Amino acid sequence: VQLQASGGGLVQSGGSLRLSCTASGTIFNINVMGWYRQAPGKQRELVATMSSGGSTSFANSVKGRFTISRDNAKNSLYLQMNSLKPEDTAVYYCRVIGRSDYWGQGTLVTVSS
């Protein structure tokens with residue numbers, strides 16, 4: 001199974017983007033799904049997670065601005081990003097932990113000031 005992330009792009013500060021992550025097949029025994037990001041020169045950091053039961057958590061820096069959701073029928077995970085800031089600029093990766101640990105290839109989000 002492969003994860004395909006999409007939806008990144010260039011947006012002005014205050015704008016919105018919706019990232020999508022679609023699995024090429026069904027992933028069984030999912031424990032947690034999430035989005036991570038890596039800004040230039042920085043370590044990869046956790047942005048948001050969703051457990052198999054639907055519980056969500058967010059990094060303090062994105063609370064109130066980002067939401068995470070899923071569509072099981074479409075094998076997809078989403079990250080809705082609102083009120084974007086220049087410091088949100090990064091490559092965003094999706095991750096699904098089931099029997100194996102799956103990562104998407106990353107999608108670049110650039111927020112201009």
Side-chain angles (χ1 to χ4, degrees):
V1 176
Q2 294 183 332
L3 301 182
Q4 179 71 41
S6 62
L10 175 64
V11 64
Q12 289 188 333
S13 181
S16 298
L17 282 175
R18 186 193 194 207
L19 305 184
S20 299
C21 176
T22 301
S24 60
T26 301
I27 299 176
F28 296 97
N29 301 115
I30 292 175
N31 291 317
V32 65
M33 301 164 282
W35 289 94
Y36 292 71
R37 67 186 181 187
Q38 187 166 17
K42 296 187 177 181
Q43 291 187 333
R44 190 172 298 189
E45 63 175 357
L46 177 64
V47 175
T49 63
M50 175 178 279
S51 71
S52 58
S55 298
T56 60
S57 65
F58 298 90
N60 288 334
S61 59
V62 306
K63 279 181 181 177
R65 300 188 296 123
F66 291 11
T67 57
I68 186 171
S69 63
R70 67 187 181 192
D71 186 332
N72 293 333
K74 296 183 178 179
N75 289 334
S76 293
L77 180 71
Y78 305 101
L79 184 69
Q80 178 67 43
M81 306 185 294
N82 298 327
S83 302
L84 282 162
K85 305 175 181 180
E87 51 263 43
D88 294 318
T89 295
V91 177
Y92 284 71
Y93 300 88
C94 55
R95 183 185 187 188
V96 175
I97 302 175
R99 293 175 180 171
S100 298
D101 191 351
Y102 303 89
W103 285 89
Q105 87 288 359
T107 184
L108 176 62
V109 173
T110 304
V111 184
S112 62
S113 57

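All of these numbers come straight from a predicted model, not from anything done at the bench. All heavy atoms count here, side chains included; hydrogens, waters and symmetry mates do not.
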Is Glu45 atom CD crowded by more than 12 heavy atoms from other residues, nucleotides or ligands, each under 6.0 Å away? yes
Quick note, disulfide bond (SG atoms under 2.5 Å apart) partners involving residues 53-88, not counting sequence neighbours, are none
Original post:
Do Val47 and Tyr78 belong to the same hydrophobic cluster, where Ile, Leu, Val, Met, Phe, Trp and Tyr are linked whenever their side-chain heavy atoms lie under 4.5 Å apart, directly or via other members?
Top reply: no
Contacts of Thr22 meeting side-chain hydrogen bond (donor to acceptor under 3.5 Å, both in side chains) (sequence neighbours excluded), chain-then-number -> Ser76
For residues 51-92, the disulfide bond (SG atoms under 2.5 Å apart) pairs (sequence neighbours left out) are none
In this structure, OG1 of Thr89 is separated from CG of Leu108 (nearest 0.5 Å) by 8.0 Å
To the nearest 0.5 Å, atom CZ of Arg70 lies from atom CE of Met50 at 5.5 Å
Applied to residues 22-84, the disulfide bond (SG atoms under 2.5 Å apart) test, sequence neighbours excluded, yields none
Residue set satisfying ring pair (Phe, Tyr, Trp, His ring centres under 6.0 Å) with Tyr102, at least two apart, ordered chain then number -> none
For Gly104 and Tyr93, the nearest pair of non-hydrogen atoms, with its separation, is O-CD2, 3.6 Å
The reported gap from CD1 in Ile30 to OG in Ser51 (rounded to nearest 0.5 angstrom) is 11.0 Å
Residues at least two apart in sequence or cross-chain that pass side-chain contact (heavy atoms from CB on, under 4.5 Å) with Val109, listed by chain then number, are Leu17, Leu19, Met81, Tyr92, Val111
Residues 104-113 vs side-chain hydrogen bond (donor to acceptor under 3.5 Å, both in side chains), sequence neighbours excluded, gives none
Trp35 and Leu79 have their tightest heavy-atom pair at NE1-CB, 3.5 Å
Return all side-chain donor-acceptor pairs below 3.5 angstrom for residues 52-62, not counting sequence neighbours, or 'none' if the list is empty.
residue	atom	partner	partner atom	Å
Ser57	OG	Thr49	OG1	2.5
Asn60	OD1	Lys63	NZ	3.1
Ser61	OG	Arg37	NH2	3.4

Between the CD1 atom in Ile27 and the CD1 atom in Ile97, the distance rounded to the nearest 0.5 Å is 10.5 Å
Between Ser16 and Asn82 the two heavy atoms that sit nearest each other are OG-OD1, 2.9 Å
The side-chain hydrogen bond (donor to acceptor under 3.5 Å, both in side chains) partners of Arg95 (sequence neighbours excluded) come to Tyr36, Asp101
Sequence neighbours excluded, the answer for side-chain hydrogen bond (donor to acceptor under 3.5 Å, both in side chains) partners of Arg65 is Asp88
So the disulfide bond (SG atoms under 2.5 Å apart) pairs with at least one residue in residues 10-113 (sequence neighbours excluded) are Cys21-Cys94
Taken in chain and number order and not counting sequence neighbours, the residues that satisfy side-chain hydrogen bond (donor to acceptor under 3.5 Å, both in side chains) with Asn31 are none
Review point. Going only through I, L, V, M, F, W and Y residues with side-chain contacts under 4.5 Å, is there a path from Phe66 to Val11?
Key: yes
